[in-house]
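Here is the structure we will look at, set down as structure tokens.
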Amino acid sequence: MDIKGKNVFVTGSTRGIGLAIAKAFAQAGSHVILNGRSEISDELLQSFEPYGVTVIGISGDISDGQDAKRMIAEAIDTLGSVDILVNNAGITNDKLLLKMTEADFESVLKVNLTGAFNMTQAVLKPMSKARQGAIINLSSVVGLMGNVGQANYAASKAGLIGFTKSVAREVAGRGVRVNAIAPGFIASDMTDAIPDKMKDAMIAQVPMKRIGTAEEVAGVALFLAQQEYVTGQVITIDGGMTMQG
């Protein structure tokens, strides 16, 4: 897919990986729909002006099915289509399983997994009608290997991988591709706050001996949006942490 002039909706794109993905698409000539639970600020919208593309903000709750449909409909009404959907929005609520409540578990699945379902279902009919489209789901290496204190997060991200592969099989014949990205340790506000000793221990698990960047994850998203013969795949970007012999 030639992504220049295409419309990309990135959930959870007001900061971090989501914002890096949105800016990478804008730099490549795509029009961008920024999204978050709160109203998108004018300052954030103005930061995209150097790219010379159309950028709009649509706020809402992806975990609410009706709100997801409303947001996709609003994007299509404004820009004419949603050609690429990046399901990036996600939350954590880390606790050991013995201390985790049902609400702790369900709240993470509701955003990370049900939210992706809601947005994907809302966009699939217009994409199928257009006989083209790309959906990119942000999973995590935690969904592949698990992590202490993150049973809820790992379950949501592992579920997202199964969701990706199933939907990819359903819609491949309609020209719609569905793939997932599984980042490892990526620099963020969260990793910046981690004590150096703990950060060093994290980096020791990475063969490349460094933390990745949000811009590197964005580069994988661009690749998946453009490659016409790649679907149903999970690309890890983790410095080799989960490689298998």
Side-chain angles (χ1 to χ4, degrees), residues 1-14 17-36 40 44-45 48-60 62 65 67-89 115-139 160 163-181 215 217-235:
M1 178 190 290
D2 181 0
I3 63 175
K4 187 173 183 180
K6 293 294 193 290
N7 303 319
V8 55
F9 194 123
V10 186
T11 68
S13 48
T14 59
I17 290 174
L19 180 57
I21 290 173
K23 288 193 171 181
F25 273 100
Q27 190 170 19
S30 300
H31 307 301
V32 176
I33 302 104
L34 297 174
N35 164 260
I40 309 303
L44 182 56
L45 292 170
F48 281 77
E49 288 181 359
Y51 302 114
V53 296
T54 300
V55 179
I56 64 171
I58 298 179
S59 58
I62 64 167
D67 213 16
K69 291 176 183 176
R70 189 266 305 167
M71 289 189 286
I72 291 297
E74 185 177 333
I76 292 173
D77 287 345
T78 304
L79 297 178
S81 66
V82 173
D83 307 296
I84 302 159
L85 170 66
V86 182
N87 284 311
N88 165 77
F117 161 79
N118 289 337
M119 295 299 291
T120 299
Q121 189 178 61
V123 84
L124 267 187
K125 188 172 182 179
M127 279 188 177
S128 297
K129 187 175 181 180
R131 309 295 292 185
Q132 70 163 10
I135 298 169
I136 301 164
N137 298 317
L138 267 292
S139 181
L160 200 51
F163 175 77
T164 296
K165 292 177 177 291
S166 296
V167 179
R169 288 183 180 275
E170 290 184 16
V171 299
R174 301 174 189 173
V176 181
R177 296 171 292 107
V178 189
N179 291 287
I181 303 172
E215 289 72 24
V217 178
V220 178
L222 286 180
F223 167 81
L224 289 173
Q226 295 175 87
Q227 297 303 312
E228 296 283 3
Y229 203 53
V230 177
T231 196
Q233 302 304 306
V234 182
I235 298 183

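None of the values given here were measured: they were computed from a predicted structure. The basis for the numbers below is simple: all heavy atoms, side chains too, and nothing from hydrogens, waters or symmetry mates.
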Does N137 form a side-chain contact (heavy atoms from CB on, under 4.5 Å) with V167? I'd like the steps, not just the answer.
CA-CA 11 Å; N137 298 317; V167 179; over 6 Å; no
Report the C-alpha separation of V217 and L138 in whole Å, then their side-chain angles, then the decisive distance to 0.1 Å, and conclude whether the side-chain contact (heavy atoms from CB on, under 4.5 Å) test is met.
CA-CA 10 Å; V217 178; L138 267 292; 4.0 Å; yes
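Between F223 and I235, some side-chain heavy-atom pair lies under the 4.5 Å cut-off. Side-chain atoms of L44 and V55, non-hydrogen and from C-beta on, never get closer than 4.5 Å to each other. Between K6 and H31, the closest side-chain pair of non-hydrogen atoms is not below 4.5 Å.
F9 pairs in a side chain to side chain contact (heavy atoms under 4.5 Å, CB included) with only one of the listed residues (V123, V82, I84), which is V82.
Using modelled atom types, no side-chain atom of T164 and backbone atom of V178 make a donor-acceptor pair closer than 3.5 Å. In terms of modelled atom types and a separation under 3.5 Å, the side chain of N88 and the main chain of G12 share a donor-acceptor contact. A side-chain donor-acceptor contact under 3.5 Å links E228 to the backbone of M1. For the pair N35 (side chain) and I58 (backbone), a donor-acceptor distance under 3.5 Å is present. Panel note: side chain S139, backbone L160; no donor-acceptor pair is recorded below 3.5 Å. Counting only distance, with no hydrogens or angles, the side chain of N179 and the backbone of I136 share no donor-acceptor pair below 3.5 Å. Judged by distance alone, with hydrogens and angles left aside, the side-chain atoms of S30 form a donor-acceptor pair with the main-chain N or O of I3 at under 3.5 Å. Distance alone, capped at 3.5 Å, places no donor-acceptor pair between the Q27 side chain and the F25 backbone. Side chain of K165 to main chain of G232: a donor-acceptor pair is present (N/O by atom type, distance under 3.5 Å, no hydrogens or angles). Although no hydrogens or angles enter the test, the distance criterion places no donor-acceptor pair under 3.5 Å between the side chain of S59 and the main chain of G36.
The shortest non-hydrogen separation linking M127 to A134 is CE-O, 3.7 Å. For the pair A68 and A122, the tightest heavy-atom approach, listed with the atom from each and the gap, is O-CB, 4.1 Å. When all heavy atoms of G57 and I40 are compared, the closest pair comes out as CA-CG1, 3.6 Å.
Once rounded to the nearest 0.5 Å, the distance linking CG of D83 with CD1 of I76 reads 9.5 Å. Taking CD1 of I56 as the start and CG of L79 as the end, the distance is 4.0 Å to the nearest 0.5 Å. Here the straight-line distance linking atom CZ of R177 with atom CD of Q227 works out to 8.0 Å at 0.5 Å rounding. With rounding to the nearest 0.5 angstrom, the OG1 atom of T14 is 8.5 Å from the CG atom of L34. Taking OG1 of T11 as the start and CG of N118 as the end, the distance is 11.0 Å to the nearest 0.5 Å. Atoms CD1 and CD, from I72 and Q121 in turn, are 11.5 Å apart once rounded to the nearest 0.5 Å.
Surrounding CZ of R70 are more than 12 heavy atoms belonging to other residues, nucleotides or ligands, all under 6.0 Å away.
Side chain to side chain, T120 and N87 meet the donor-acceptor criterion of an N or O pair below 3.5 Å. Side-chain polar atoms of S81 and N7 form a donor-acceptor pair below 3.5 angstrom.
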